[in-house]
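Treat the numbers as computed from the prediction; the structure is a model and nothing was measured. Just so you know, these numbers use all the heavy atoms, side chains as well, and skip hydrogens, waters and symmetry mates.
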Number of protein chains: 2
Amino acid sequence: MARSVREQMVDSAVILLATRGLDGTSFSEVLGASGAPRGSIYHHFPGGKDELIAAAIEVAGERAVALLRSLEGRSPVEIVDGFFAMWRAVLERSRFSAGCSVLAVTVAGGSGDADGLLGAAGRVFRSWQSALAAVLAAGGVPAGAAEPFATLLIAASEGAVALSRAERSYEPFDAVHQVLREQARGFQGI
Amino acid sequence: MARSVREQMVDSAVILLATRGLDGTSFSEVLGASGAPRGSIYHHFPGGKDELIAAAIEVAGERAVALLRSLEGRSPVEIVDGFFAMWRAVLERSRFSAGCSVLAVTVAGGSGDADGLLGAAGRVFRSWQSALAAVLAAGGVPAGAAEPFATLLIAASEGAVALSRAERSYEPFDAVHQVLREQARGFQGI
DNA sequence: GTCTATACGAAGATAGAC
DNA sequence: GTCTATCTTCGTATAGAC
């Protein structure tokens, strides 16, 4: 069963957000990348661009949560490695031209006030923190340490991906990964 | 001596980048915020928008480097605290509506290929890593650990600011700060 | 150094036919 | 569900007078 036109548009929006940012994710680009017909934009997304972008970062958020949950049962070091492997694949496949679609929406800033997209981005980030903290706790990280360490992992990986994009080098990303990996080792008492 | 028109435009661009992103930093906004006359855009920036943005992130970069250098001679914990205090002030003064101007340029992605602005952003990030690693080394962090830890601090602070913006809460930012502060304490053997 | 006026393109959004 | 056509707004950039 082929993916629906709507799903193709959302998938294209995820990729465009990650590579060109919020304003680079125009309808023209989305239609060009997805092959969707122009006339179907407001049929599938009556709320216009905001609805498309919100759907995109929610899908991206759910995919990352699914990956995090798949790490359940692993050790803290393995969880860190698995999480960073996901991000490194983004850099590798795009050759430093892609990053995080949720971060792109966050820093684009919208109109400045209580923007709906910013709230959606915040919910995605929170869902990542919860899922990661849960698998870390299941992996043996002490109760009080799992939440803050999960937040650090997410913040640091977001920043590391951005640094590596700007510097076009894996060096910042790998350095951050190694330091956090050592920290995770400390939770295992090895 | 009053700041020149050019300096006012650059300052406004720095703030607009941090709050509204790259595409939100239009000439209209810059002129409105700086009070500069419209006719002087291409007089001060013959290279157009790219030249203005490049100047803005370089100024923002130099300011952060100056703050980092002012922490020379302090302990690792004090350096971490000073660095995070700078970012927390950004969140506080803007009430979660501002972040890092260099990150905004990085994530906006330009045209996708070898963009000049992305290179400029990369150089700024590298200058932060060097300056921070230097003060950490001077503060007693072992030679091999200063560079990676500096990179982690920058990546994590960038991500933490973004998370707190999206969630409109100091919680992620403060959590990241505390974990890294503890790590810095480890370098002091207290 | 600064002004007005304007060219040119692309964006999001809507209307109405098919 | 999809199409074409169009509206409006806003972006960067340029020309030429003052």
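Between F45(A) atom CZ and dT2(D) atom C1' the separation is 15 Å, expressed in whole Å. With rounding to whole Å, H44(A) atom NE2 is found 17 Å from dA13(C) atom P. Distance L31(A) CG to dA10(C) P: 15 Å, rounded to the nearest Å.
Under the 6.0 Å cut-off for aromatic ring centres, F84(B) and W87(B) do not qualify, their centroids lying 6.0 Å or more apart.
The two atoms that bring S169(A) and R126(B) nearest to each other are CB-NH2, 4.1 Å, heavy atoms only.
Look at H43(B) and you'll find a side-chain N or O under 4.0 angstrom from OP1 or OP2 of dG1(C).
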Protein proximity profile, nucleotides 11-18 of chain D - base contact B, sugar-phosphate-only contact S, no contact -, cut-off 4.0 Å on heavy atoms: SBBB----

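Note: Y170(A) and F96(A) have tilted aromatic rings, judged against thresholds of 30 and 60 degrees for the angle between ring planes.
The cationic group of R88(B) does not satisfy the cation-pi geometry with F173(B), failing either the under 6.0 Å distance to the six-membered ring centre or the 45° limit from the ring axis.
A salt bridge links R185(B) with E182(B): the distance from a Lys NZ or Arg NE/NH1/NH2 to an Asp or Glu carboxylate oxygen falls below 4.0 Å. Look at D11(A) and R63(A) and you find a salt bridge, because one of the NZ, NE, NH1 or NH2 atoms lies within 4.0 Å of a carboxylate O, short of that distance.
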